[in-house]
> 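Can you keep this structure in mind? I'll have questions shortly.
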Amino acid sequence: MSTASNITSVPTRLDGKVIAVAGASGPAGQAVLRRLAAAGATVIGADIDQQRLDSALAAVRTAVPGAKVSGQVIDLLDPQEVHDWADHLEAEHGHVDGLLHLVGGWRGSKTFFESRIDDWDFLHDTVVRTLQHTSLAFQPALVRSPAGRYAMVSAAAAHKPTAGGAAYAAAKAATEAWTLAMADSFAKETTAADGTPTAAAAILVIKALVSPEMRAEKPNAKFAGFTDTADLADTLAGLWDRPAAELNGQQLWLTAR
């Protein structure tokens, strides 16, 4: 299990990278902001709630003195707002090298018959539609970047749905398919001087996430198969260590298959 103390030993291999994080104020978002900032990246977090976003940014600045981190209140269900955000970041910084999509949600039922269509409606918006908007808005900038990376967090449930988790599994499966289509666009539209792709879209597959706060609240819980938010952050930061051709379109499993 990773700990917050690992932050101080992170190499600054992301200097010069401009990386946007959607869903920045949640436990995963905060861990990722800290990890990227500690590695020297310029990090821009987005969230729909100003107070939560301000709190997350303040925590990062405390943990990482000198962090190049800022935030923007964005409604990810508004496609024009997301496109404007992407355009603004590229205009301000000259390039955007990554969008990490950490927006999620869960709804489920006890049995398949009790599945509620309004659960699907909720997940369609929070899980699927938000990812569609960020991927469409940032794809052109990531194509133009010499090292563009797009990543989303999926769930093992998408690969083995349970009876009561039909809506959630279907939503995650949809986002995986959409991300793989984006990966295909990168393979066709981005090439370096040697002919290899420069941008990649990757899928991180987890069972569920666990934060240090969750472990502190339930010290006797095992959280079997869960992925620590710090480990998720390490994996996301490491995307720029891998060649785009090797990474593009891959499912990176952070839990047992």
Side-chain angles (χ1 to χ4, degrees), residues 14 16-24 29 32 36 41-48 70-72 74-104 124-154 158 171-205 235-252:
L14 294 179
K17 296 290 189 295
V18 176
I19 305 170
V21 179
V32 171
L36 298 177
T42 296
V43 192
I44 306 93
D47 198 88
I48 196 170
S70 61
Q72 180 69 46
I74 298 289
D75 180 2
L76 295 178
L77 289 175
D78 184 331
Q80 189 59 56
E81 198 168 318
V82 183
H83 276 273
D84 290 345
W85 181 44
D87 291 343
H88 170 75
L89 291 184
E90 189 175 23
E92 179 181 2
H93 299 282
H95 56 97
V96 177
D97 304 297
L99 186 288
L100 306 180
H101 188 90
L102 306 179
V103 183
H124 176 262
D125 280 351
T126 59
V127 174
V128 182
R129 189 55 58 83
T130 60
L131 181 133
Q132 290 173 325
H133 290 168
T134 60
S135 60
L136 290 171
F138 280 85
Q139 193 265 4
L142 298 178
V143 167
R144 289 186 285 268
S145 167
R149 298 290 184 271
Y150 184 95
M152 54 84 67
V153 179
S154 186
K172 284 298 187 181
T175 58
E176 288 202 19
W178 189 275
T179 302
L180 292 176
M182 186 185 196
D184 187 55
S185 80
F186 286 154
K188 293 175 177 176
E189 298 177 32
T190 69
T191 55
D194 61 0
T196 59
T198 57
I203 298 164
L204 278 63
V205 185
T235 302
L236 289 169
L239 297 180
W240 283 268
D241 288 339
R242 301 176 60 177
E246 171 190 310
L247 183 66
N248 193 36
Q250 296 301 304
Q251 295 169 335
L252 308 178

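No experiment lies behind these values; they were computed from the predicted model shown.
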> Quick one, Gln139 with Ser185, criterion side-chain hydrogen bond (donor to acceptor under 3.5 Å, both in side chains). Give me CA distance, side-chain angles, the key distance, then yes/no.
CA-CA 9 Å; Gln139 193 265 4; Ser185 80; 3.1 Å; yes

> Do any N or O atoms from the side chain of Arg149 and from the backbone of Leu239 form a donor-acceptor pair under 3.5 angstrom?
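Between the backbone of Leu239 and the side chain of Arg149 there is a qualifying donor-acceptor contact (under 3.5 Å).
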
> Taking only residues at least two apart or on different chains, which pairs with a member in residues 128-147 satisfy ring pair (Phe, Tyr, Trp, His ring centres under 6.0 Å)?
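Of all non-adjacent pairs touching residues 128-147, those that pass ring pair (Phe, Tyr, Trp, His ring centres under 6.0 Å) are Trp85-Phe138.
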
> With distance as the sole test, does Trp240 use its side chain to make a donor-acceptor pair with the main-chain N or O of Ala147 at under 3.5 Å?
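Looks like yes, one N/O pair under 3.5 Å.
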
> Measuring from Leu142:CG to Met182:CE, what's the distance to the nearest 0.5 Å?
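Between Leu142 CG and Met182 CE, I get 5.5 Å after rounding to 0.5 Å.
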
> Would you say the side-chain atoms of Asn248 pair up with the backbone N or O of Ala183, donor to acceptor, closer than 3.5 Å?
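The answer is yes, because a donor-acceptor pair under 3.5 Å joins these two groups.
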
> For the residue pair Ala41 and Ile19, what are the closest heavy atoms and their distance?
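Nearest pair, atom of Ala41 first, then Ile19: CB-CD1, 3.9 Å.
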
> Might you point out which heavy atoms bring Thr175 and Val127 nearest each other, and give the distance in Å?
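The answer is CG2-O, 3.4 Å.
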
> Using a 3.5 Å distance criterion without hydrogens, assess whether the side chain of Lys17 forms a donor-acceptor pair with backbone atoms of Val43.
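A pair under 3.5 Å: no.
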
> Could you walk me through whether Leu131 and Val103 satisfy the side chain to side chain contact (heavy atoms under 4.5 Å, CB included) test, starting with their C-alpha distance in whole Å, then the side-chain angles of each, then the deciding distance to 0.1 Å, before giving a yes or no?
CA-CA 8 Å; Leu131 181 133; Val103 183; over 6 Å; no

> Minimum heavy-atom separation for Ala244 to Pro197, with atom names?
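Looking at all heavy atoms of both residues, the shortest contact is CB-O, 3.4 Å.
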
> List in chain and number order the residues that pass ring pair (Phe, Tyr, Trp, His ring centres under 6.0 Å) with His124, two or more places apart in sequence or in another chain; answer none if no residue qualifies.
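By the ring pair (Phe, Tyr, Trp, His ring centres under 6.0 Å) rule, His124 matches Trp120.
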
> What pair of heavy atoms forms the shortest contact from Gly148 to Ser145, and how long is it?
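What the structure gives for the nearest pair is N-OG, 3.3 Å.
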
> Find the distance between CG (Asp84) and CG (Leu89) and round it off to the nearest 0.5 Å.
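The CG atom of Leu89 is 11.0 Å from CG of Asp84, to the nearest 0.5 Å.
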
> What's the separation between atom CG in Leu77 and atom OG1 in Thr130, rounded to the nearest 0.5 Å?
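Here the interatomic distance stands at 6.5 Å.
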
> Taking all heavy atoms of Ile203 and all of Glu176, pick out the closest pair and write down the distance.
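Taking every non-hydrogen atom into account, CD1-O, 3.7 Å.
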
> Can you tell if the side chain of Ile44 reaches within under 4.5 Å of the side chain of His93, non-hydrogen atoms only?
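In contact.
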
> Salt bridge (Lys or Arg N to Asp or Glu O under 4.0 Å) with Glu90: which residues, sequence neighbours excluded?
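For Glu90 the salt bridge (Lys or Arg N to Asp or Glu O under 4.0 Å) partners, ignoring immediate neighbours, are Arg144.
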
> Output the distance between atom CG (Leu136) and atom CD (Gln132), rounded to the nearest 0.5 Å.
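Reported value, rounded in 0.5 Å steps: 7.0 Å.
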
> List the atom of Glu246, the atom of Arg242, and the distance in Å for their closest heavy-atom pair.
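For Glu246 versus Arg242, the nearest heavy atoms are OE2-NE, 2.8 Å.
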
> Measuring from Leu100:CG to Leu236:CG, what's the distance to the nearest 0.5 Å?
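Spacing of CG (Leu100) from CG (Leu236) equals 5.0 Å.
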
> To the nearest 0.5 Å, what is the distance between CD on Gln251 and CG on Leu204?
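These two atoms lie 10.5 Å from each other.
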
> State whether the side chain of Asp97 and the backbone N or O of Val18 hold a donor-acceptor pair below 3.5 Å, judged by distance alone.
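Yes: the side chain of Asp97 pairs with the backbone of Val18.
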
> Output, in order, the C-alpha distance, side-chain angles, deciding distance and verdict of side chain to side chain contact (heavy atoms under 4.5 Å, CB included) for Leu76 and Ile48.
CA-CA 8 Å; Leu76 295 178; Ile48 196 170; over 6 Å; no

